[in-house]
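Just below is one structure, and these are the notes that go with it.
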There are 2 protein chains.
Amino acid sequence: MTELEKGPKGRRRGRGARERILGASRQLFREQGINRTGMDQLCAAAQVSKRTAYQHFTGKDELVTEYLRRFDPAVLSGVFDRTDLTPRERLLAAFDIPPSTPLCPYIAAAVELHDPQHPASQYARDYKKAVAARLTDTAREAGAADPEQLGEQLALLIDGAATRTRVLDDDAFPTAAAIAAVLIDNAVPATAGDDRRGEEVPR
Amino acid sequence: MTELEKGPKGRRRGRGARERILGASRQLFREQGINRTGMDQLCAAAQVSKRTAYQHFTGKDELVTEYLRRFDPAVLSGVFDRTDLTPRERLLAAFDIPPSTPLCPYIAAAVELHDPQHPASQYARDYKKAVAARLTDTAREAGAADPEQLGEQLALLIDGAATRTRVLDDDAFPTAAAIAAVLIDNAVPATAGDDRRGEEVPR
DNA sequence: CCGTAAGCACACAGGACGGTGTACTTAGCA
DNA sequence: TGCTAAGTACACCGTCCTGTGTGCTTACGG
């Protein structure tokens, strides 16, 4: 019974205050930002007593870090594990984000916290590197000449689009996708016409 | 004598508290962020009494807005008005930023303030549009087929590099510059070899 | 040299914030 | 049913924040 109190069902032991707290975090941190969301308000929204919150998390910093840690599954696997797409299509699918997302929470956290040493900032860094790595893997699959370079470039495009969407309040992902298409076509040797073929290219 | 109290010399009327405040803002807002810099600390750094600060600015919001407004001259004209470079070189020069800049202050402000209605956020938006417009102009000079698209694309690259540099704590501008070179070469009709020629291309 | 406006020192209001202490109630399982 | 861990209610602390009120000093131009 060491630490399995929070399984996927989360019904063991208690009534799931932790999940409610994290759910409220997801909503409020996105709507108002991290710094502008107080613990009082957060606990009220989660319908959790403040005392309980501080029994689950040693402080707001830890809550923020855990809040970030709960984003991976949907985003990362949701895009890169789609076997119905060619590698090239998968690379481009990373730019098909629903217009709901206000701003990549990792960027927002890193900017708001303003401390590179903060655990959440470090995690944001790790996450961004992981995304670039997955892009690199997919770029390699697609047959790119320099997959690392292409992965890094596409990652930069995604972050640029996210930032610009936020600052300008106007969807910048189509622009980024257009650049991505150019970069991919330039990086993949023209002889390998894998645009529409679902087959895996040998490496 | 309507409003010329703050000329370049700034010696008229008093001893220049306003400029000292804005100078301290430039330093502290960049080093610590806007939200994490209190007015007390800022006034101490500026060697200005708090009372004086609030006689120059109705509130912190106005100070932040004015702080952003003081950035233009160096950045915008410093890059785009260089007549010693070809248009193409000028476009690429936008990516030669000194490694001192922590993060584009406009992005930082927009994210930190977290309110699109805030005057500073609106100004950040205007500024970003102005930069894109100048890039578009230069792209047109360089003979790009679709200068507006290229300008928007380069602006996205700059913001992506700025964001990524901040989040990853690693200079991303070379990557962005590499992408920019590809985009420029793709956008400019191959026949017009203006790479090294200082002459103005007719539009 | 003197008046006026700029600036100063400093205390303080009023609120939001993160975080804690204490005594109580409930949920779930054996 | 009764024990134990999870959750609750709520008052409270110290700190920091933006912003003000008041009375004083200084710089500078006429």
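Source: prediction; values computed, not measured. Chain A is the first sequence line, chain B the second, and so forth, proteins listed ahead of strands; every chain is numbered from 1.
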message: Quick check for you: among C/dC8, D/dG7, C/dG18, whose closest atom lies nearest to any side-chain atom of A/T52?
response: D/dG7

query: Rounded to whole angstroms, how far apart are CD on A/E19 and C1' on D/dA6?
result: 14 Å

- prompt: Rounded to whole angstrom units, what separation is found between the CD1 atom of A/I34 and the C1' atom of C/dC17?
  reply: 16 Å

- prompt: Okay, side chain of A/N35, backbone of A/E112: is any donor-acceptor separation there less than 3.5 Å?
  reply: yes

task: May I ask you to say what B/Q41 touches in the nucleic acid, namely base, sugar-phosphate or nothing, with a heavy-atom cut-off under 4.0 Å?
output: nothing

- request: Look at the side chain of A/M39 and decide which nucleotide, out of C/dT20, C/dG18, C/dG7, has an atom nearest to it.
  value: C/dG18

query: Between C/dA9 and B/S49, is there an OP1 or OP2 to side-chain N/O distance shorter than 4.0 Å?
result: no

- prompt: Is there a donor-acceptor pair under 3.5 Å between the side chain of A/T165 and the backbone N or O of A/A172?
  reply: yes

query: Taking atom types as they are modelled, is there a donor-acceptor pair under 3.5 Å from the base of C/dG19 to the side chain of A/K60?
result: no

Nucleotide nearest A/Y54 when distance is taken to its side chain, options C/dG18, D/dG7, C/dC8: C/dG18

query: Quick one: is A/H56 getting a side-chain N or O under 4.0 Å of the D/dA6 phosphate, OP1 or OP2?
result: no

query: Among all residues two or more places apart in sequence or in another chain, which pass the side-chain contact (heavy atoms from CB on, under 4.5 Å) test with A/D84?
result: A/R82

- prompt: With no hydrogens and no angle check, do the side chains of A/T136 and A/E148 hold a donor and an acceptor under 3.5 Å apart?
  reply: no

Whole-Å gap separating P (D/dG19) and CG (B/D61): 7 Å

- request: Using the closest heavy atom to pick a nucleotide of DNA chain D for each, name whichever of B/R36 or A/Q55 lands nearer the 5' end.
  value: A/Q55

Polar side-chain contact A/R51-C/dG21 base: donor and acceptor under 3.5 Å: yes

field: Spacing of A/D40 atom CG relative to D/dC13 atom C1', expressed in whole Å
entry: 13 Å

task: Can you tell me the distance, in whole Å, between the CG atom of B/L42 and the P atom of D/dT18?
output: 9 Å

- prompt: What nucleic acid atoms does B/T37 come within less than 4.0 Å of, heavy atoms only: base, sugar-phosphate, or nothing?
  reply: sugar-phosphate

- request: Nearest whole angstrom, please: distance from the P of C/dA5 to the CZ of B/R18.
  value: 18 Å

query: Please give, in whole Å, the distance from D/dT8 P to A/Q47 CD?
result: 9 Å

task: For the pair B/T138 (side chain) and B/R134 (backbone), establish whether a donor and an acceptor sit closer than 3.5 Å, ignoring hydrogens and angles.
output: yes

query: Nearest-Å distance, CG (A/N35) to C1' (D/dC16)?
result: 14 Å

